Protein chains: 2
Amino acid sequence: MTFMEDERKSEGPRRVQTAGHEHPTAGAIGNQLRAIGALSKAFEQHLGRTLAVNDTDLEAMEHLILSGPMTPSELAPKLGISNAATTFSVDRLVASGHARREPHPTDRRKTVIVPSPPSVARAFDALMPVLNGVADAAADLPPQHRDIVGAFLASVIDVYEGALEAGAAEADTPA
Amino acid sequence: MTFMEDERKSEGPRRVQTAGHEHPTAGAIGNQLRAIGALSKAFEQHLGRTLAVNDTDLEAMEHLILSGPMTPSELAPKLGISNAATTFSVDRLVASGHARREPHPTDRRKTVIVPSPPSVARAFDALMPVLNGVADAAADLPPQHRDIVGAFLASVIDVYEGALEAGAAEADTPA
DNA sequence: ACTTAATAGTTAAGCAACTTAACGACCTAC
DNA sequence: GTAGGTCGTTAAGTTGCTTAACTATTAAGT
C-alpha cells in the first residue's frame with residue numbers, strides 16, 4: 001500500500017486507514033463484503049450476456065419477475081432512470097421477446113409490461129444456483145449462527161442507511 | 001406474487017421458488033445480502049455526486065486509492081472497460097483535478113495515473129463512515145461470532161464463484 | 001356537459017460514454 | 001538494426017441516457 005504517505009498528518013480520529021490494523025478479521029469481513037459486491041455484479045453481467053440483454057434491461061426483467069407485471073411509470077424509479085428511457089428499455093425487451101405490452105384493464109392511459117414466461121424461466125434457471133446456494137448456506141447454519149449472521153448483516157445495513165441519511169442531510173445543508 | 005402460475009409444471013428440484021418457504025430466516029439472510037448490494041450501489045452513486053464524477057470515474061478513483069497509482073492498462077480491466085475508454089475516464093479525472101498523468105520512471109511508453117491528495121482525502125472522508133461502520137460492527141462481535149460470520153460470507157463467496165465458473169464452462173460448451 | 005388541469009406513455013433532439021480499429025511512440029529480441 | 005509486440009491515444013461509430021414536446025386519457029371544477 002503506497003498511498004498517502006505524506007499528507008493527512010492529523011485531523012481527527014481515523015480508525016480505518018488502509019485496511020484495519022486493530023482487528024485483522026474485522027477488516028477481513030469488510031473485504032469479504034466488498035468481494036461479494038464485486039462477484040454479484042460480475043454475475044449479473046454474466047447473466048445479462050446469457051439472456052442477451054444489457055444491464056438496464058436485465059434489471060427491468062428482475063423487477064418484473066420479482067414484483068410481477070407493472071407499468072412503465074412504476075418501473076422507471078426502480079431502475080433509477082427516466083420515464084422515457086424506460087420506454088426504450090421496454091421497446092428492447094419487447095423486440096427481443098422477453099416481455100410484451102398489455103393494455104391496463106381499467107385505465108386506458110396505462111400499459112402493463114408483462115415478462116414472457118419462457119424468459120422468466122430462463123432467468124430463473126440461471127439465477128437458481130446462486131439463490132439456492134445462498135439459501136442453502138444459510139439453511140445449513142445452526143439457528144443460533146443464523147441469528148448471529150442475520151444480526152450482523154442488519155448492523156451493516158444500518159451503517160449504509162445511516163451513511164446515506166447523513167449524506168442526504170449534508171446535501172440539504174450547503175455548508 | 002402473481003408470476004409463473006401456468007408454465008413450469010415440473011422439471012427438477014426447485015427449492016427457492018419465490019422467497020424460500022422452508023427456512024424463513026435463511027431467506028431473510030438472502031434478502032439482507034441483496035439489500036446490502038442495493039445500498040452499497042446507492043451509496044456509491046451518492047458518493048459520485050458528492051465528488052462530481054460519474055460511476056466509472058468514481059470506480060477508477062477507488063482503485064487508484066486502494067491499490068495506489070497505476071497505468072491505464074492496469075486500470076482498464078479493473079473497470080471492466082476498454083483501454084480506450086479508460087483514456088477518456090482519465091482525461092475527465094485530470095480535467096476535474098482528481099488525478100494527474102505522470103511518465104513511468106523506466107518505461108517511456110507507459111503513463112502512471114496518480115490520484116490527487118485532496119481528492120483522495122475527500123473520497124476517504126466520505127467513505128470513512130461506511131468503512132469504519134462496517135469495521136466497527138465486525139470488531140464489536142465476539143471473536144467466535146466473527147468467525148461464524150466470516151465463514152458464512154466465505155461460503156457465499158464460494159457460491160458466486162461456483163456459479164460464475166459454471167456459467168463460463170457452459171459458454172465454452174455451446175450445447 | 002364542457003372546459004381545465006393533471007397523468008401516462010411515447011417521440012424527438014441532443015449528449016455522454018462506450019466500442020473497435022488504426023495510429024505513433026517505444027521497448028524487446030533476434 | 002530491423003521485426004514484432006506493447007502502451008497510450010485518437011477517430012469513427014454505436015448505444016443508451018437526458019430533457020422537452022406531443023397525444024391520449026382521466027379527473028375535477030363550474
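A, B, ... follow the sequence lines: proteins, then strands. Residue 1 opens every chain. A quick note: this is a predicted structure, and the numbers were derived from the prediction, not measured.
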Could you tell me the separation between the [atom1] atom of [X] and the [atom2] atom of [N], rounded to a whole number of Å?
X	N	atom1	atom2	result
A:Lys110	C:dT10	NZ	P	14 Å
A:Leu79	D:dT18	CG	C1'	15 Å
A:Gln45	C:dC18	CD	P	13 Å
A:Glu74	C:dT7	CD	C1'	13 Å
A:Glu59	D:dC17	CD	C1'	14 Å
A:Ile81	C:dC15	CD1	P	20 Å

Query raised in the report: Quick one: does B:Leu39's side chain get under 4.5 Å of A:Glu161's, heavy atoms only?
Result: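 Yes. Closest side-chain heavy atoms under 4.5 Å.
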Query raised in the report: Would you call A:Lys41 and B:Glu59 a salt bridge, using N to O less than 4.0 angstrom?
Result: yes
Query raised in the report: To the side chain of A:Ala85, which of C:dT10, D:dT9, D:dT18 is closest?
Result: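 Shortest atom-to-atom distance from the side chain points to D:dT18.
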Backbone of [Y] reached by a side-chain donor or acceptor of [X] within 3.5 Å:
X	Y	result
A:Thr50	A:His46	yes
A:His98	A:Leu51	yes
A:Ser67	A:Leu64	no
A:Thr111	A:Arg101	no

Query raised in the report: When we call it a touch if two heavy atoms are under 4.0 Å apart, what does B:Ser82 touch: a base, just sugar-phosphate, or nothing?
Result: base
Report task. Using a 4.0 Å heavy-atom cut-off across all strands, classify B:Thr56 as base, sugar-phosphate, or nothing. Result -> sugar-phosphate
Query raised in the report: Are OP1 or OP2 of D:dT15 and a side-chain N or O of A:Asn54 less than 4.0 angstrom apart?
Result: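 Answer is no, no contact under 4.0 Å.
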Query raised in the report: So, is B:Asn83 close to the D:dT9 phosphate, meaning a side-chain N or O under 4.0 Å from OP1 or OP2?
Result: no
Report summary line: Residue pair A:Thr86/B:Ala84 against DNA chain D: nearer the 5' end by closest nucleotide is B:Ala84
I'd like a table of atom pairs between the protein and nucleotides 25-30 of chain C - only N or O on both sides, under 3.5 Å - with the distance next to each one.
residue: C:dC27; atom: OP1; partner: B:Arg108; partner atom: N; Å: 3.1

Requested in this report: Could you state whether B:Ile157 and A:Leu47 fall into the same hydrophobic cluster, counting links through intermediate Ile, Leu, Val, Met, Phe, Trp or Tyr residues with side-chain heavy atoms under 4.5 angstrom apart?
Outcome: yes
Query raised in the report: Between atom CD1 of B:Ile81 and atom CG of B:Leu75, what is the distance when rounded to the nearest 0.5 Å?
Result: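 Going from the CD1 atom of B:Ile81 to the CG atom of B:Leu75 covers 7.5 Å.
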Report task. Nearest 0.5 Å please: distance from the CD1 atom of A:Ile29 over to the CG atom of B:Leu153. Result -> 6.5 Å
Query raised in the report: Counting only non-hydrogen atoms, which of residues 87-96 of chain B are less than 4.0 Å from DNA chain D?
Result: B:Thr87
